[in-house]
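A short write-up of the structure that comes next.
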There are 2 protein chains.
Amino acid sequence: MKQETRKDEIINTAAKLFKEKGYSAVTMRDLATAMGIKAASLYNHINSKQDILKAIIISIAEEFTNGMETIIQSQDSSISKLKSVVTLHVNITANNTNGMASLNNDWMHLEDQLNYYLQLRNDYEANFLNIIKEGVSSLEIKDSNPEIIMFSMLTTLRSLYLWIPKKEDLKSNDLADNLSEVLIEGINK
Amino acid sequence: MKQETRKDEIINTAAKLFKEKGYSAVTMRDLATAMGIKAASLYNHINSKQDILKAIIISIAEEFTNGMETIIQSQDSSISKLKSVVTLHVNITANNTNGMASLNNDWMHLEDQLNYYLQLRNDYEANFLNIIKEGVSSLEIKDSNPEIIMFSMLTTLRSLYLWIPKKEDLKSNDLADNLSEVLIEGINK
DNA sequence: AAACGAAACTAACAATTGTTAGTTTGTTGT
DNA sequence: ACAACAAACTAACAATTGTTAGTTTCGTTT
């Protein structure tokens, strides 16, 4: 663990506030109050409000990109790859619940980095969809509409940030296993 | 179809803008420009920005409450009830895609009506969970964690507003059927 | 023609926004 | 004791916010 700088504290506090009210509704004075300082003091550590959002979102988006890269390069079966994707989401979300809220809800308020973010997201979804299509080809996965399958899985995974904090008792591994079971095997007996 | 009043036009336009940038980031001047008038003119038709949000969210929330009421009073099997819930979400979302975005993302900016909204949502989720638990009891549904099942289904259904506009070709009935299949039967062959 | 009402307008307001400039405080290493 | 530096402060700014007051426009009804 690297030691947390004052800048990191600000970014983490901001992520928490952004989760509660969204980027636009959080003022620099709100953030300063939460830090126990005055708004102007924040600028000793950060360049702008926008820079905070950028720091929160882009780092997580790149984590997903890197994780997906590893998964598609593996020689696992499609089902096994999908389970890895579930684990990837559970792990990243468990490590940065608040940041995931910004990624999900405030990405459209990115300015300079918006196109870069969208490119990462599009690539990620294309890779996700490919895993499913390969699974259909290799007869591992039912021949349903692959986009519906991806949509269903991805939206569930994207909403984990809302759910993980309520279930602290449930270990990450257990959650990933249970989720994989529900998403892949279904619920019908 | 009742004929659309000017007030309705404003509310619908607002819902569209709220979907794109969120309630807090949309100004009354943005809304006025989208309507082709000046900001002050909006107040001939609505009382406040907050009232617009209220009008969007509460009516949809009550639609869900009423729909759920009908479902739990039926004598259908648990699986059949779940399929009805899927259909309920698909229909309401298809009818008011933009409003669903506000319901999902901007409910926390409700002021006077926040507690009422939260009560409706809690009751809805409790009913949803009960259907699943009854299905487990009656051996219709696998004995997985019922909360994980609900979480997975509900977050997928809540995200439909993002997805339906992209798939105009897919008919509502087909979408509901496909989604039920994926959510209930799983994807594993 | 007169009156009415719906719906737009101009002009302004008080409050809040993100941010900057310049200054003070307190700790740390020499 | 002193210099250096990180990190806080006060005070202010220009722009933007939701909203109000009062007025004008114009088609419909009397």
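Chain identifiers are assigned alphabetically (A, B, ...) following the order of the sequence lines, protein sequences preceding nucleic acid strands; residue numbering begins at 1 within each chain. The analysis underlying the following values was restricted to heavy atoms, covering all of them including side chains, and did not include hydrogens, waters or symmetry mates.
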**Report entry** OP1 or OP2 of D:dA7 under 4.0 Å from side-chain N/O of A:H45
**Finding:** yes

Query raised in the report: To the nearest Å, how far apart are A:K49 NZ and C:dT19 P?
Result: 8 Å

Report summary line: note: A:K21, atom NZ; C:dT17, atom C1'; distance rounded to Å ~ 13 Å

Report task. Hey, can you tell me if A:F18 and A:Y23 have their rings parallel, tilted or perpendicular (30° and 60° cut-offs)? Result -> perpendicular

Query raised in the report: Contact class for B:S41 vs. all strands (heavy atom < 4.0 Å): base, sugar-phosphate, or nothing?
Result: base

Report task. Calculate the interatomic distance between A:D8 atom CG and D:dA6 atom P; express it in whole Å. Result -> 16 Å

Requested in this report: Could you tell me how the ring of A:H89 sits relative to the ring of A:F64: parallel (under 30°), tilted (30 to 60°) or perpendicular (over 60°)?
Outcome: tilted

Query raised in the report: Just wondering, more than 12 heavy atoms not from B:K83 lying within 6.0 Å of its NZ?
Result: no

Report task. Could you state the atom-to-atom distance from NZ of B:K7 to C1' of C:dA6 in whole Å? Result -> 15 Å

Query raised in the report: Roughly, in whole Å, what's the span from CG in A:L17 to P in C:dT17?
Result: 13 Å

Query - Flag if over 12 foreign heavy atoms under 6.0 Å of NZ, B:K16 - result: no

Query raised in the report: Toward the 5' end of DNA chain C, which comes first, A:V26 or B:K38, by nearest nucleotide?
Result: B:K38

Requested in this report: Run the salt-bridge test on B:K142 and B:E185 with the 4.0 Å N-O cut-off and return the result as yes or no.
Outcome: no

Would you tabulate the pairs of protein nitrogen or oxygen atoms and nucleotide nitrogen or oxygen atoms of nucleotides 20-29 of chain D closer than 3.5 angstrom?
none

Query raised in the report: Taking the inter-plane angle between the rings of A:F151 and B:W163 on a 0 to 90° scale, is it parallel (under 30°), tilted (30 to 60°) or perpendicular (over 60°)?
Result: parallel

Query raised in the report: Is B:E147 salt-bridged to A:K167, cutoff N-O under 4.0 Å?
Result: yes

Query raised in the report: Taking CG from A:L42 and P from C:dG18, how many angstroms apart are they, rounded to a whole number?
Result: 10 Å

Requested in this report: Write down the distance between CD (B:Q50) and C1' (D:dG18), rounded to a whole number of angstrom.
Outcome: 12 Å

Requested in this report: Find the distance A:M28:CE to C:dA15:P and express it as a whole number of Å.
Outcome: 23 Å

Report task. Looking only at side-chain atoms of A:I37, point me to the closest of D:dT19, C:dA7, D:dC9. Result -> D:dC9

Report task. Report which part of the nucleic acid A:R29 touches: base, sugar-phosphate, or nothing (heavy-atom distance under 4.0 Å, all strands). Result -> base

